[in-house]
Amino acid sequence: MDVFFNQAFAGLSMASILLMVALGLAIIYGAMGVINLAHGEFVMLGAYSAWLLQSYLGLGILASLPLIFLMVGLIGLAVERGVVRWLYHRPLDTILATWGIGIVLQQLVRMGVGSDSRYVARPTILDGNVAIGGVVMSNYRIFLVFFSLSVLAATWYLLTRTEFGTKLRAVIQNKEISECYGIRTDRIYALAFAYGAGLAGIAGALVTPLVSVTPGMGTYLVVDAFLVVIVGGVGSLLGTAVASGLVGEATALFSFLMNDTLGRVAVLLAIIMLIRFKPQGLFPDKVRR
Amino acid sequence: MNRNFSFDCIGYALFALLLLVVVPWGLGFDGFELNTFARYLTLGMVAMALALSWGCAGILNLGQAATFGLGAYIMAMHLKLKASVNMPDGMPDFMGWTNVESLPWFWEPFHSLPVTIAAGLLVPAAVAAVMGIFMFRGRITGVFVAIITLAFLVAIQLVFVEEQRYTGGENGLTGLAPLELFGWTADNYSLSFYYFVAGCLICALVLALALVRSKVGLVLRAIKENPDRVRFFGYDVARYETLAFCASAAIAGWAGMLYVLVLEFASPTYMGVPFSLAIVIWCAVGGRDSLVAAALGGIIVNMLEGRLSDLFVDGWTLFLGMLFILVVLVMPRGLFGVFHGALARVIAFYRQARLERRESLAISRSVVSGTHDKGGR
Amino acid sequence: MLEASALFSYYGKSPILQDVSFRVEQGSIVSILGRNGVGKTTLLRTIMGLTDGIAGNLSFGGKDLGRMRTCDRGRLGIGYIPQGREIIPRFTVRENILMGTYARTDGKRTLPDYIFELFPILKEFIGRRGGDLSGGQQQQLAIARALAMDPKVLLLDEPTEGIQPNIVRQIEDVILRLNREMGITIVLVEQNVPFARRASDQFIVLDKGRVAVAGTGEELTDEIADEFLTF
Amino acid sequence: MAQLELQGLSVQFGGLRAVDGLDLSLEQGELRCLLGPNGAGKSTTLDLICGRTTPTGGAILFDGRDMTRLPVFKRARVGIGRKFQTPTVFRELTVVENLEIARSARPGVLSSLTVFRSRLQGRMREVLDLVELGDELHTKAGNLSHGQMQWLEIAMLLMQDARLILMDEPTAGMTIQETRKTGEIFNSLKGSHTMIVVEHDMSFVRQIAETVTVMDQGGLLAQGSIEEVENDPAVREAYLGDGGNGHA
Amino acid sequence: MKRRDFLKGVTATGAVGVAGFPGIWIKRQGAWAANGEIPVGVLFSLTGAVAVVESTLHDACMMAIEEINDNGGIHGMRLKPHVEDPASDPATFADRARRLVIRDRCVSVFGSYTSASRQAVLPVVEGRNNLYWYPTLYEGRECSRNVMYGGAVPNQQQQEFVPWLAENFGGRFYLIGNNYVYPREENNVCKIILDRIGGEPVHEEYVPMGHSDFSSVINRIRREQPDVIFCTLVGDSDVAFQRQFHAAGFDPDQLPVASLTRSEVEVKAIGGEAAAGHFSSAPYFMGHQSGENERFVEAYLRKYGQDQVTHFVSEAAYFQVYQFKAALEKLDPADITPEAIRDASVGLSITAPQGEVLIDENLHTHLWPKVAQWQSNGQAEVVLQSEERMAPEPYWAYEGQSCTGEGLVRG
């Protein structure tokens, strides 16, 4: 039984990381239809920013989160202004362009910082475990779960309760008419892209204590995160959250039943099925226009 | 129609001439250079295969590498068996190391070369058929096709890596025998081998062209523009899409088989996401609207990659990444689009000039004859 | 106030409007009439900057609109109520109206009360999603959204199309009140000749992208209607 | 036995009943005009017949065969053709290629593999002459004028040789001469093809119509000859609207 | 259709004009080493997933080449390194190896870290009878006459390590590795040894390369309660696993991670604190006390930065160049061919940072296995040093097979 709960928690903690990565991607994809394959590199930049701030300014991960959000957000802004904005009417081409951006960002980091893996210290206040019977949960992972939920909540608040969010949602649903009502759609797009990139940066910073920080670290994440976004459904925060949870728990379950490789294969096949039979996502928004 | 057909012939004859005469001559009939170029040709072939589904039918297959890899493994299995005749039970060495008792049943048929070649074309096509029917019956299009094929690619690569007992795992299939075909042994540094690969590419191109030039190609172009409207004429859109998908897979499998001959091993990286996305990029650089252009895209980008990595050992990927961004931004229809646009402009200019000359002639003649025909054209 | 001379407007390379000139005086109602597909909607979209390009002059309140971005035109006080209403279906009624205020330059984000006097039904349905309203209610919402921006001019594209007759009358009344009581200039694309005749100070009949006839409201005779508006 | 029969056909979008218990039957070779105010459900009815929309209730019989659940392409193979309100031709293809697509007597994949060039003789030549597009054979459809595109789409339907042709506002955007010519073509098709035409242009309707069906709010309002319908007070109320002094 | 297809032809011609004739200018033939230069290939990934490790090998190799050149070269000839970046991709490895061997006519190629890349290069060097100097520890079971194996084979890493672990911590081993040849083969060897000494493998599992979430693995470890984690994870996976293992609160005194692959590079990324108390088995550690090593480390840090580390693969990448040099010095300069270099290498003994290393006739290297415990400063403290240099036996686990100077012998 303990094994079951342990595994359920493992799934939850995988889901929390996935959610943070996918959330930014979901906003970028939902708002602009841009398939951002450079998202993994934003995650990587977040991790390197954490390393930079730690080794040169001595800032811990938690303290530097706002700065990292800004730094990666700015890079995202630059990428949007420089490349992505020319491609809004060609969604499939964004796959190619952002893949190129990913290659460039990776190589820039490699040339600037070096290709060896970097060390970022874990916040010491989050050391240790909580043990309930045989169920052992690492404090840091518990923190991640709650943090990702609060990021979700903050994003939800931003989208539904602020002027920026309302404008963004208006633009998503009807770009033309939003323009007619004085909304500067290009500015909204740029900010939304920057916000998505910033979230990826935060996610990158927060996974540093668990993984190896290398220029190629983001590549593995982006495919999974993208699958989550598609399964969740375009523009649905709830869908993204639930899909992350499902994928995380399913990965944990299958890898417990089989092994990590076949578990991943099973999850991928399940995702293919879901996309095939529910291409509109888990929570399709039925509204008549 | 006839004039267009002759233009066709000239274009393809030029391409064939290029591959069969100009390139080997330009490379000085050098074994190493020819071998390197043969590699580019196989990569061009898989880019061409993608153009068949992406350019013609609008199906962006991000998992093209999966069918390429299948073809590669099938050929490698045959060559591995040939290399293992002296092993106990004729079993490949890696199977012994992973405690496999006897040769698995699905390896048996690959003792035979004809079966191998047929399988190298048909297995990828069959896999594509299953995927195609699965997706297109459900009217899955665009991004969703891209994502499903991508997920499928990741899954199939994981399976190949996991089943090390049968596939050689991460190392792939290595230590292969050379191919023997009708008494000819493939030496991949020879001119004859280069011609073999180039011949295969031209052959595949001609077959693909036949498909594109037939009514199937026409219907596919219509489907790409408006699948619903095509249905109203009684076409089963899913079948057409599946056919394009299968044909593309078969050619990709073919290219995979050649790739194994060129590189002398099969590796699961042939089924990797980076490789698969690279195929898409070659196709985009060349121009997905034309099969030859896509093949050239594959050849050119790989050549460029080769040259760049020679010139800038440290930063060549940086240049490559920037190149992709630039191509997407500046040349949305690839090199082909640029050439096409330029030539169309030239032709339009001459046509205009000819028209004006004719008009001025007509006017002067009418002035001379004194009849003012108001609507004279 | 709104002025066009020798205006061409393009979709792609084909000119949909050709050599159109007109002048809309402050505080007047101008009707634009014509058959399906003669460019009425394109004219409104051209004013908003939603076509691919224009040639000729187009100005509003003395400012040249030619190169101005759509969002800035909105901020000048041009309220656009498009054909098919195009309210935001997933927004609540409140959010839809609030969206209108984003075109205000004074930064005020409150919903004017008079909107709810004009359209009491919106007050009742304030929390519902726009997409769940009936056609007539959506039309009222679309007008309310435009009013929230405190517009100087309203561009209405067939506001009564496909709406039950009793609401049609209501909407027509509102349009007249907005003009007569609040002095809002109105440009109205209309199929309904009697209403156009009753309401407008001025009319423009388009045919094949050109101005076929223009004149004051009284000059809109049955002959003109027969020639250009019936089939 | 009628060729096309709609029995209690209904469809619902969200809460809206777009078509509500519609009964309609057409004889072989009949031309039927479908009138009604905006939103009456005319286009939706065509959508239901050709299979673009699935009904929530009722049945569609064609030649006595139940079509209600058949996918679009199978209905097309049975002989139902459709023209859309805005011309939907393949803009990237040339005129000939568009017609070749429309020539779909053998729509299978395998038979298409054996066809390599468009034969300009026979039916294709006839159709091209009829719609006067003979000079534009190799023009991309996207470069045609609006009227020509409408013609092309009609030509495609002729090429398809559908037994039942559904037309949604075929004359929208046409000049008066073009409209008249369209009317002549339609009249010549009577008898050999069954047609349903949704139209607002009353003069055009007068030119072609034998029987007129008027729809309102998803149901049948009136049916009969054009005079009968025009004098029907219910029709005037619903369609001509606004006190009946309109010019529609 | 129109003129499009004519254009295709034009495009084709144009394209080749742009990039088609690199081969024309390539000069070839002549002696292997001429003009006072000895061409050697340097083939380590500078980009891609494996660059993390391979770039350090590249650095070490290049440093040795420069040192040799600075000290007058070999027979007065300079080593001319041809550097390629195979981008961590086996296909690119094969392509670049061809360039080095065939086009650039290198007498030897130094390169690569992963088994897959070695396998990709193998047909090229065997087909052209060239020499590939491979510095990495590997799974053994290979007996090419064209590869100089500088790293440890399983018997050199495990023969002393596994019994020592079982003695000190218990015989219940949890085997975890990345899913490829090396971990599986090492685990085979480990299981044989465990079987002999009465231990048991409680669980054996493999995760995909680059796998980074070990929650499930850690849960399984909790359930199985082994005595030792026998770890053959590499690179990113090893780093991720160790960080998560540490975060999960396991005590290294109770449950140590015993790794065959973890070196100073990984520990630097893991962080000394998380790695402290765990064990690695290798022939070299950065902190090894010897004059040769102090010189090596000092030169390396001076050249590449004080935050860099040396490790058991970069050491081999370094000393292999000196082995190459020693072999060449035995040869007549006019007589330099890959085969001659190979034959001259056999039986060569030089002083490497880890001690005296000898090239066996099977082309593998006799090394000095050590077991070390990681400290929180990121350095390893040797706890077990083998008495004598250990001979490489690539077919140790396969009875009746052995690799000799004549190649693989079955008996």
Side-chain angles (χ1 to χ4, degrees), chain A residues 29 33 35 37-38 41 79 82-87 89-108 110-111 216 219-220 222-224 226-227 229-231 234 258-280, chain B residues 54 58 60 62-63 131 134-164 169 272-274 277-278 280-285 288 314-330 332-334:
Chain A
Y29 180 63
I35 299 171
L37 289 185
E41 274 61 48
V79 165
V83 179
V84 174
R85 73 161 155 160
W86 308 103
L87 302 172
H89 52 289
R90 298 192 267 146
L92 287 181
D93 284 357
T94 57
I95 298 179
L96 306 181
T98 52
W99 177 251
I101 292 170
I103 293 177
V104 169
L105 289 177
Q106 268 193 38
Q107 188 60 23
L108 284 177
R110 201 169 274 133
M111 285 159 70
T219 335
Y220 291 104
V222 68
V223 172
D224 287 29
F226 210 84
L227 292 173
V229 172
I230 297 283
V231 167
V234 179
M258 298 180 256
N259 64 41
D260 275 302
T261 314
L262 291 180
R264 209 166 123 70
V265 172
V267 170
L268 284 168
L269 293 181
I271 286 174
I272 290 177
M273 289 294 163
L274 263 177
I275 296 176
R276 163 64 170 77
F277 292 105
K278 275 183 109 43
Q280 297 318 311
Chain B
W54 188 24
L60 176 51
L62 290 186
M131 289 288 293
F134 173 75
M135 290 188 298
F136 304 131
R137 283 260 168 263
R139 301 207 184 167
I140 300 291
T141 53
V143 174
F144 298 107
V145 171
I147 294 297
I148 287 181
T149 47
L150 187 66
F152 175 71
L153 172 74
V154 176
I156 202 167
Q157 192 200 18
L158 282 171
V159 171
F160 268 75
V161 171
E162 171 72 13
E163 292 302 321
Q164 196 175 325
V273 173
L277 286 170
V280 177
I281 284 170
W282 303 334
C283 192
V285 169
R288 58 185 179 248
D314 294 335
W316 63 279
T317 51
L318 189 70
F319 286 100
L320 213 60
M322 288 191 184
L323 178 80
F324 296 155
I325 301 172
L326 274 180
V327 165
V328 174
L329 285 183
V330 188
R333 294 164 69 102

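The sequence lines fix the lettering, A, B, ..., with proteins before strands; numbering per chain opens at 1.
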With rounding to the nearest 0.5 angstrom, report the [atom1] to [atom2] distance, [X] to [Y].
X	Y	atom1	atom2	result
A/Leu227	B/Leu150	CG	CG	7.0 Å
A/Gln280	B/Phe144	CD	CZ	5.5 Å
A/Ile103	B/Ile325	CD1	CD1	8.5 Å
A/Gln107	B/Thr317	CD	OG1	3.0 Å
A/Asp93	B/Arg333	CG	CZ	11.0 Å

Exercise. Given side chains that start at C-beta, do those of A/Ile275 and B/Ile147 come closer than 4.5 Å, heavy atoms only?
Worked result: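 The answer is yes, as the side chains (C-beta and beyond) meet within the 4.5 Å cut-off.
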
Exercise. Are side-chain heavy atoms of B/Val143 and A/Tyr29 found at a separation under 4.5 Å?
Worked result: yes

Proximity breakdown for [X] and chain A, heavy-atom pairs closer than 4.5 Å:
X	answer
B/Trp316	neither
B/Leu60	side chain
B/Ile140	side chain
B/Phe319	neither
B/Met135	backbone
B/Arg137	both

Exercise. Any sub-3.5 Å donor-acceptor pair from A/Arg276's side-chain atoms to B/Ile148's backbone N or O?
Worked result: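 Judged by distance alone, no pair lies under 3.5 Å.
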
Heavy-atom contact with chain B under 4.5 Å, split by part of [X]:
X	answer
A/Ile272	both
A/Asn259	side chain
A/Leu105	neither
A/Pro279	both
A/Leu87	side chain
A/Val223	side chain
A/Ile230	side chain

Problem set entry | Residues A/Thr219, B/Val273; criterion side chain to side chain contact (heavy atoms under 4.5 Å, CB included); working and verdict | CA-CA 10 Å; A/Thr219 335; B/Val273 173; over 6 Å; no

Problem set entry | Interface residue of largest heavy-atom contact number with chain B, from A/Leu269, A/Thr94, A/Leu108, A/Leu96, under 4.5 Å |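 Ranked by heavy-atom pairs under 4.5 Å with chain B, first place is A/Leu96.
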
Problem set entry | Option that, when pairs with chain A are counted at under 4.5 Å, heavy atom only, ranks first among B/Ile281, B/Val280, B/Thr149, B/Leu277 |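 Looking at each option in turn, the highest pair count goes to B/Leu277.
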
